[in-house]
Amino acid sequence: QELPRPASAIKTGPQDPSPACEDLAKTPNTGRTRREVHLSSAMISFVIPAYNEERLLGRTISSIHDSTRPTGLAYEVLVVNDASTDRTPAIARSLGAEVIDVQLRHIAAVRNAGARRARGEVLIFVDADTVVTPTAVRMALDAVARGAIGGAARCGFDEPLPLFARVSAFLFFRGVYLLGMATGVFIFATREGFAKVGGFDERYYTAEDCYLAKSLRKAGKFILLPTYVETSGRKMRAYKPWKLIKLFGRLLLRGEKAMQSREGLEYWYDPPRDAADPQPAPQPAPQHAGGAMHKAPAAGPAVELHGGSVR
């Protein structure tokens, strides 16, 4: 039996890695635990790192609003604008997001900058080209209600996707999931759990999401959700197979050292833009049911990371 996923997404991982995931997928949460009572008045913080994301950011923010309103919980959307030169910050503000301007060009540091400003008890990190679903949000909250300190949704790519990219993505994600890790397209943590592990490890310029998942799993219960979110396959479409082989071959050969410098990581830091991506359009300010963005609880304690950063 296949897991729920976007209709256009490719299948990228094992079906159901744990009984906990099966429970979240099939069993309605009819009881109210102490943690659930707490969550009923909690706030969710969505943190989106963004660099020149005017084409897809509006779709991502809109999907967060549409997916979170049904929960009835207060939430905020924080867009960490990392030196963008396009309309990224304007689009974010037009859709009710708070914009945090930084000049870092370091994805782990950018995510941590958003976490420091977040007020929510639950932190959800979403890539700027990802479509969030109500199922992913509900399952993340259910996981926290049942004692998880973190987790992640699985990743599917939009179409079209070349055959080589399909095979590469399938093998990559299968390996990531089998190792108990996750990707940053939709990864979440409790405020307490995130602070406990020191946030995203700023020694790394890529794979910081995998290392966060690994740290959270060591510190408590980490749930790989049995549902998919769809992210853009633009980078997979834009790169020729030999370039992808060269890139990932270099990472495999050099290991962690290759991830501790931005050199050679253009795939993540300066990718070619996909001509198939939609052109940005003016976005009206949304109407938030119940004023969820504006009647939030008082700010929670600041997320303290080791040494003001990460170990």
Side-chain angles (χ1 to χ4, degrees), residues 45-64 76-119 123-132 183-187 194 198-212 231-239 243 247 251 258-275 277-283 285 302-303 305 307-310:
S45 293
F46 291 90
V47 178
I48 306 173
Y51 169 69
N52 288 346
E53 292 288 357
E54 65 177 2
R55 290 190 172 192
L56 297 178
L57 180 62
R59 182 184 70 171
T60 296
I61 296 175
S62 295
S63 74
I64 290 173
E76 63 180 355
V77 181
L78 306 175
V79 173
V80 189
N81 173 44
D82 187 16
S84 295
T85 57
D86 64 2
R87 294 178 56 232
T88 291
I91 290 173
R93 291 188 180 97
S94 76
L95 287 168
E98 177 182 346
V99 175
I100 303 165
D101 291 310
V102 297
Q103 301 276 337
L104 297 171
R105 304 301 292 128
H106 183 177
I107 186 64
V110 172
R111 294 184 193 270
N112 283 336
R116 290 191 187 94
R117 290 280 290 273
R119 297 182 294 166
L123 311 178
I124 303 180
F125 299 89
V126 178
D127 280 354
D129 58 355
T130 296
V131 177
V132 174
T183 60
V185 293
F186 184 101
I187 188 168
F194 187 79
F200 289 95
D201 194 329
E202 294 182 15
R203 291 176 299 176
Y204 301 102
Y205 282 79
T206 188
E208 78 293 334
D209 41 11
C210 293
Y211 285 106
L212 176 68
T231 196
S232 173
R234 55 188 170 169
K235 289 184 285 190
M236 303 292 281
R237 289 189 288 267
Y239 277 86
K243 285 190 174 181
L247 168 66
L251 293 178
M259 304 175 192
Q260 294 177 1
S261 167
R262 199 166 63 227
E263 182 182 356
L265 300 181
E266 292 81 7
Y267 179 87
W268 289 276
Y269 285 93
D270 194 22
R273 299 297 172 177
D274 189 347
D277 283 346
Q279 292 293 332
Q283 301 285 347
V303 175
L305 305 182
S309 177
V310 182

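Throughout, numbering of the chain's residues begins at 1 and tracks the sequence. Not measured: the values here are computed from a predicted model.
Defined by atom type and a distance below 3.5 Å, a donor-acceptor pair is present between the side-chain atoms of E76 and S45. T231 and D129 share a donor-acceptor pair across their side chains, judged by distance under 3.5 Å alone. A donor atom on one side chain and an acceptor atom on the other are not found under 3.5 Å apart for D82 and Q103.
You'll find the side chain of V77 reaches within 4.5 Å of the side chain of I48, heavy atoms only. Annotation: side chain of V47 is not in contact with side chain of I124 (no heavy-atom distance under 4.5 Å). Side-chain atoms of I187 and L212, non-hydrogen and from C-beta on, do get closer than 4.5 Å to each other. Residues R203 and Y211 fail the side-chain proximity criterion, which asks for heavy atoms closer than 4.5 Å.
Taking both residues in full, the closest heavy atoms of N81 and P89 are given as ND2-CG, 3.9 Å, listed atom of the first, atom of the second, then distance. I100 and A113 get closest at one heavy-atom pair: CD1-O, 4.5 Å. Summarising the geometry of P49 relative to A128, their closest heavy-atom pair is O-CB, 3.6 Å, with the distance given to 0.1 Å. When all heavy atoms are compared, the tightest approach of S63 to T130 is OG-O, 4.0 Å. In plain terms, the two heavy atoms of E54 and I91 that are nearest each other are O-CD1, 3.4 Å. Summarising the geometry of F125 relative to A115, their closest heavy-atom pair is CZ-CB, 4.1 Å, with the distance given to 0.1 Å.
Separating the CZ atom in R119 from the CG atom in L78 is a distance of 8.0 Å, to the nearest 0.5 Å. A distance of 14.0 Å separates CZ in R116 from CZ in R111, rounded to the nearest 0.5 Å. The distance from atom CG of D127 to atom CD1 of I107, rounded to the nearest 0.5 Å, is 6.5 Å. To the nearest 0.5 Å, atom CG of residue N112 and atom CD of residue E208 are 9.0 Å apart.
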Inset, instruction - For salt bridge (Lys or Arg N to Asp or Glu O under 4.0 Å), just list the numbers for E98 and R117, CA-CA rounded to whole Å, side-chain angles, deciding distance to a tenth of an Å, and then say yes or no. - result: CA-CA 10 Å; E98 177 182 346; R117 290 280 290 273; 2.6 Å; yes

Legend entry - Step-by-step ring pair (Phe, Tyr, Trp, His ring centres under 6.0 Å) determination, F200 to F194: CA-CA 8 Å; F200 289 95; F194 187 79; 5.7 Å; yes

Inset, instruction - Evaluate the criterion side-chain contact (heavy atoms from CB on, under 4.5 Å) for residue pair T60 and V126; output intermediate values, then yes/no. - result: CA-CA 8 Å; T60 296; V126 178; 4.0 Å; yes

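When each of D86, T88, N52 is tested with L57 by the rule side-chain contact (heavy atoms from CB on, under 4.5 Å), just one qualifies, namely T88.
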